[in-house]
Amino acid sequence: MGDKIPLSMREELLRKLPQVSKIVEHFRDRYNETYIKSAVREVLDRYRREILHGDRESIDNLLTDIELRIREISYFSLKKVINASGVIINTNLGRSPIHPQALEFLERVAIGYSNLEFNLDTGSRGHRNEHVEWLLCQLTGSESAFVVNNNAGAVYLVLNTLAKDREVILSRGELVEIGGSFRIPEIMESSGAILREVGTTNRTRISDYERAIGENTALLMKVHRSNFYMEGFVEEVSLRELVQLGKRYVLPTFYDSGSGLMVDLGEKGISSTEPTLKDCIDSGIDIVSASGDKLLGSAQAGIILGRRELIERVKKNPMSRALRIDKLCLGVLEFTLRLYLEGREEEIPIIAMLLQKPDVIKARAYRLLSFIGVIPGIEAEVIREFSRPGGGSLPELKLETYCVAVRHKDLSPDKLSEKLRGLEIPIIGRIKDERLLLDMRTVSDEEVLIIDRSFRALFLQG
Ligand SMILES: *Cc1c(COP(=O)(O)O)cnc(C)c1O
């Protein structure tokens, strides 16, 4: 390629490149100057390099390329998307949507100053944890509670505090990886605790734990499998068995529950064996950890519950400062916990989507179909499907749902998805059997209107 364009032509092209100031002038009344200048510099540099290497024979697209780049860098990078994947706790899409009133609450406490770490009774320093400790204890029956940045941080802190340089006994069937970057053995190692694996991948008995107990044992641990489900020839140790064993040997027990479930799903008509945080505490386990933004439906947080004396030690760990929760997340967490306490849990978006009745989802699907099904070139129908809770929660659960299955006469499903991802409000579906499925469990009624408008803008010319 490098030899194709003669040197003289390359020099000619370089001479023709306009001056920076001229280009900036050209865009000045439409975009912010900072973005224009950065984009102009980047694109000009790229053009110069390509011309010098003989990889570019025209500069006709210069202004278009610069404008594209200006747009790319001047629009917010983080943006709203429509989750039509049906995965309720979609880690890639921000996990847990937040209750709109939680944001109103944040407006009150975050735009100005707040009593985040100030005790208004005494006029002296307070602790941010105090804003949610009582609520968490009320909801779960725990003696004490502590919150940090996320559950990975919570697990790290518990292990580092209670088991540094000592052994933690854990089943081989629970050495899980969650979301790529969180692997139990690695967190264990970085916390300084020594992993003592027992049992096999599919079967672990309480006697396996018992045989491994020795002088250097610090903790008996259990981890929720979260993102996979085993059936067949399987056996696992229950929380109660672990608690009994801990009592006999005077060893603390720790359960990483993952999802932070607060409501009894069975009572709400969803068949699930997932224990709530209250069930975990009732089992007598000494420490439980959970995420704030999975089934709990709040903002990112790591929740540590359990026996006061152990939690006091965790709080005093110097690393708890490095892992502390941010005030915005804390505000959302306080708000969400109050919804549970006031019996308003079905308003929490995650819970609402989980409990949504198939008939409601079906009606929404037919509504969307009536809009986009009439667009020329679009072939669509409503189909019955199953959606997944996702995000490391309820791995065994398949929820009946309804999707609008879409095909475009000229576009492959991949191309269609790509187009929908490129929208100002991107729409994320899932592909199955050569069609793009838009799952209506995770789409709101307002978003149906947005999808309709976007389809019209894309596929109806003019
Ligand atoms: C999700 C999960 C984690 C990690 O929690 P984050 O809040 O994402 O840090 C840890 N353990 C289990 C069992 C999980 O499901």
Side-chain angles (χ1 to χ4, degrees), residues 87-98 132 136 145-160 163 168 170-191 193 195 204 219-230 236-237 239 242 253-262 265 272-277 279-280 285 287-306 314 319-320 322-326 328-330 332-333 336-337 350 354 388-397:
V87 179
I88 299 173
I89 303 168
N90 195 317
T91 300
N92 298 337
L93 305 183
R95 262 201 202 165
S96 171
I98 290 168
V132 291
L136 283 166
F146 185 47
V147 290
V148 291
N149 179 60
N150 62 358
N151 189 26
V155 173
Y156 172 91
L157 263 188
V158 170
L159 293 173
N160 181 261
V168 177
L170 175 63
S171 160
R172 286 202 172 85
E174 296 171 10
L175 295 174
V176 297
E177 167 172 324
I178 289 134
S181 52
F182 180 87
R183 291 175 144 186
I184 288 290
E186 287 170 10
I187 286 276
M188 186 89 74
E189 197 180 326
S190 64
S191 75
L195 172 64
T204 301
L219 195 63
L220 306 178
M221 185 177 182
K222 185 171 169 61
V223 177
H224 186 254
R225 286 202 194 99
S226 292
N227 50 6
F228 71 103
Y229 174 58
M230 289 203 298
E236 67 176 296
V237 167
L239 290 177
L242 202 66
T253 48
F254 170 33
Y255 180 49
D256 173 11
S257 82
S259 67
L261 183 64
M262 279 284 187
L265 291 177
S272 158
T273 53
E274 184 100 352
T276 62
L277 286 176
D279 295 333
C280 299
I285 203 99
I287 298 247
V288 183
S289 74
S291 283
D293 57 349
K294 289 185 181 169
L295 286 177
L296 199 142
S298 172
Q300 182 181 304
I303 293 165
I304 306 172
L305 303 171
V314 172
M319 280 304 288
S320 70
L323 293 167
R324 76 179 185 185
I325 187 169
D326 167 70
L328 298 178
C329 294
L330 186 68
V332 178
L333 183 61
T336 310
L337 294 175
I350 286 286
L354 200 60
R388 293 265 180 197
S393 304
L394 307 168
E396 81 286 6
L397 199 63

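Just follow the structure's listing: the first ligand is 1, and inside any ligand the first atom is 1.
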Chemist: Testing L242, V288, V223, V155 one by one against F254 for a side-chain contact (heavy atoms from CB on, under 4.5 Å), which residue passes?
Modeler: V155
Chemist: With heavy-atom distances below 4.0 Å as the criterion, list the atoms of ligand 1 near F182.
Modeler: 10 (C), 11 (N)
Chemist: Heavy atoms only: which of V155, N151, D256 is nearest to atom 3 (C) of ligand 1?
Modeler: N151
Chemist: For S291, take its heavy atoms, then give the atoms of ligand 1 lying under 4.0 Å from any of them.
Modeler: 5 (O), 6 (P), 7 (O)
Chemist: What residues form a salt bridge (charged side-chain N to carboxylate O under 4.0 Å, His left out) with D256, not counting sequence neighbours?
Modeler: none
Chemist: Could you tell me whether some N/O pair between A152 and ligand 1 is separated by less than 3.5 angstrom?
Modeler: yes
Chemist: Taking only residues two or more places apart in sequence, or in another chain, which ones meet T204 in a side-chain hydrogen bond (donor to acceptor under 3.5 Å, both in side chains)?
Modeler: S171
Chemist: Is N150 in polar range of ligand 1, meaning some N or O pair under 3.5 Å apart?
Modeler: yes
Chemist: Keeping K222 on the side-chain end and V237 on the backbone end, is there a donor-acceptor pair under 3.5 Å?
Modeler: yes
Chemist: Name the option, out of Q300, R95, K294, that contains the heavy atom nearest to atom 8 (O) of ligand 1.
Modeler: R95
Chemist: Provide the number and element of each atom of ligand 1 under 4.0 Å from a heavy atom of H224.
Modeler: 13 (C)
Chemist: How long is the span from the CG atom in L330 to the CD atom in Q300, to the nearest 0.5 Å?
Modeler: 13.0 Å
Chemist: Report the residue from V168, L170, I187 that forms a side-chain contact (heavy atoms from CB on, under 4.5 Å) with L195.
Modeler: L170
